[in-house]
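Here's the structure we're looking at; comments come further down.
Each chain gets a letter, A, B and so on, in the order the sequences are listed, and its residues count up from 1. All values below were derived from every heavy atom in this structure, side-chain atoms included, with hydrogens, water molecules and symmetry-related copies excluded.
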There are 2 protein chains.
Amino acid sequence: MALEHAILVSLLEKPGSGYELARRFERSIGYFWTATHQQIYRVLKRMEGDGWIDVREVPQQGRPDKKEYSVAALGRTVLSRWLHEPIEPESVRHDLAVKIRGAAFDDPVALIGEVERHQRAHADRLTHYLAGQLRDFTGPDAPTAQDAGQELQHAVLRGGIAYERMMLAWLDDVLATLHGLRPEH
Amino acid sequence: MALEHAILVSLLEKPGSGYELARRFERSIGYFWTATHQQIYRVLKRMEGDGWIDVREVPQQGRPDKKEYSVAALGRTVLSRWLHEPIEPESVRHDLAVKIRGAAFDDPVALIGEVERHQRAHADRLTHYLAGQLRDFTGPDAPTAQDAGQELQHAVLRGGIAYERMMLAWLDDVLATLHGLRPEH
DNA sequence: CTTGTCTATGCAACGAGTTGCATAGGAGGA
DNA sequence: TCCTCCTATGCAACTCGTTGCATAGACAAG
């Protein structure tokens, strides 16, 4: 499992509270690893108990105090060990693909709206990624000399962009197939 | 959750035993939905209890008897209802992306072997998909006039092919980035 | 003749992930 | 003033998914 490791990476990039992590998991990290705040708080507690991360109570004004977590020496060791051991290529789970194959036994045309909805969602994500790329990496305000961390973050973001573009093209293909089915129906 | 639905679709395409389903989930269905035999047997039992599927004991020679499952009327209804309700675009989980961002805090060069390993795995899958496409859809032995089911299965397979090609190109990109980091290290 | 693989089914325990709910102060709008 | 949203943390219950193990006959290779 990699939620612990995703949290370690995120805290190395920048220390933060469970709440802040939850928000990052809705944004940048969430592009390739999702988690809810309940899950994050639970895992943070365990990681703290295991000595992977340190806590610091940060009093705040006008809002509740927060616990800021940062990676401890042991956490770095654990992450390093994980980085050096091979992992299996991810197993995919695509509800939509199940639906598309299932549509053969129902009304395929009824699926068109759903596919278009997904296409819009992917188009939105793509727009969002491209804006992020312009802001952080390729735009005029982006830092010119980039360190390893930025180079790698950019590489991951390019992966997200490639994924969304692929999905948009494929969903176009699926729509064409669904429309092509119409006459014989 | 969609394991039930994936099983219903698979059983509609062709009735079969838990064992056969488990093998299909290593092959065609497994391209977009993974499940182990333990999971499948457990869910089949529940689905049978709920009246979604029917069982038929099939005695065999030279090998253990099997229970052949097929979709009951209620199962069809359940599937149809699911097909008509909207689902959220999948949440992705990419261990490798976590590793790539994590590599900035360790030795990025050490990741090259791992990325190449993943690339080989994706190349193998692509080869496998392309062989399947040739066999079932575009080759000389493929049926000429295809029904809706085949058209849709082919569309899903094209999605798998597009995905693997995208991954191969992206992993090339990642490798180039990792190599580009070398000098400054 | 033993070892290993294939078909075929399943239990038990555990770990991961989701859903619902709860608390609580401050800010802003109707 | 009340209602809602935002920050911030967390528990409890449940479902989903993984891992390890067990059984058992048939067949092939060494």
(request) Whole angstrom is fine here: how far is it from CD in B/Glu4 over to P in D/dG17? (result) 9 Å
(message) Under 4.0 Å from OP1 or OP2 of C/dG17: is there any side-chain N or O of A/Thr36 that close?
(response) no
(message) I want to check one thing: is the phosphate of C/dG10, taken as OP1 and OP2, less than 4.0 Å away from some side-chain N or O of B/Lys45?
(response) yes
(request) Could you pull out the closest heavy-atom pair between A/Glu48 and A/Val55, with the gap in Å? (result) CD-CG2, 3.1 Å
(message) For a quick check, tell me whether the side chain of A/Gln60 and the base of C/dG26 share a donor-acceptor pair closer than 3.5 Å.
(response) no
(request) Looking only at side-chain atoms of B/Arg93, point me to the closest of D/dG10, C/dA8, C/dG17. (result) C/dG17
(request) Take atom CZ of A/Phe25 and atom C1' of C/dT18, then tell me their distance rounded to the nearest Å. (result) 16 Å
(request) For A/Leu3 and C/dG17, give me the distance from atom CG to atom P, rounded to whole Å. (result) 6 Å
(message) From CD of A/Gln39 over to C1' of D/dC11, roughly how many Å is that when rounded to an integer?
(response) 15 Å
(request) Answer yes or no: does atom CZ of B/Arg117 have more than 12 heavy-atom neighbours from other residues, nucleotides or ligands under 6.0 Å? (result) yes
(request) Establish, with yes or no, whether the OP1 or OP2 oxygen of D/dG10 is under 4.0 angstrom from a side-chain nitrogen or oxygen of A/Tyr41. (result) no
(message) Can you give me the closest heavy-atom contact between A/Trp82 and B/Asp95, atom names plus distance?
(response) CH2-O, 3.8 Å
(message) Whether A/Ser17 contacts D/dT7 is assessed here as follows: a side-chain N or O lying under 4.0 Å from the phosphate OP1 or OP2. Is that the case?
(response) no
(request) Measure from CD on B/Glu26 to C1' on D/dT18 and round the result to the nearest Å. (result) 15 Å
(message) Side chain of A/Lys67, heavy atoms from C-beta onward: which of D/dG10, C/dT9, D/dT18 has the nearest atom to it?
(response) D/dG10
(request) Please state whether the base of D/dT18 and the side chain of B/Arg42 form at least one donor-acceptor pair under 3.5 Å? (result) yes
(message) On the nucleotide C/dT7, are OP1 or OP2 found under 4.0 Å from the side-chain N or O atoms that B/Arg23 carries?
(response) yes
(request) To the nearest Å, give me how far apart CZ (B/Arg46) and C1' (C/dG10) are. (result) 16 Å
(request) Specify the separation, in whole Å, of atom CH2 of A/Trp33 and atom C1' of C/dT18. (result) 15 Å
(request) Measure the acute angle between the ring planes of A/Tyr129 and A/Tyr31, then classify it against the limits of 30° and 60° as parallel, tilted or perpendicular. (result) tilted
(message) Does B/Gln38 contact D/dG20 through a side-chain donor or acceptor facing the base, at a distance under 3.5 Å?
(response) yes
(request) Please work out which of the three classes, parallel, tilted or perpendicular, describes the rings of A/Tyr163 and A/His122, given edges at 30° and 60°. (result) perpendicular
(message) Please tell me if B/Tyr19 has a side-chain N or O lying less than 4.0 Å from either OP1 or OP2 of C/dT9.
(response) no
(request) Using heavy atoms to find the nearest nucleotide of DNA chain C for A/Arg63 and A/His37 separately, return the residue whose nucleotide is more 5′. (result) A/His37
(request) May I have the distance from B/Lys66 (atom NZ) to D/dT23 (atom P), rounded to whole angstrom? (result) 25 Å
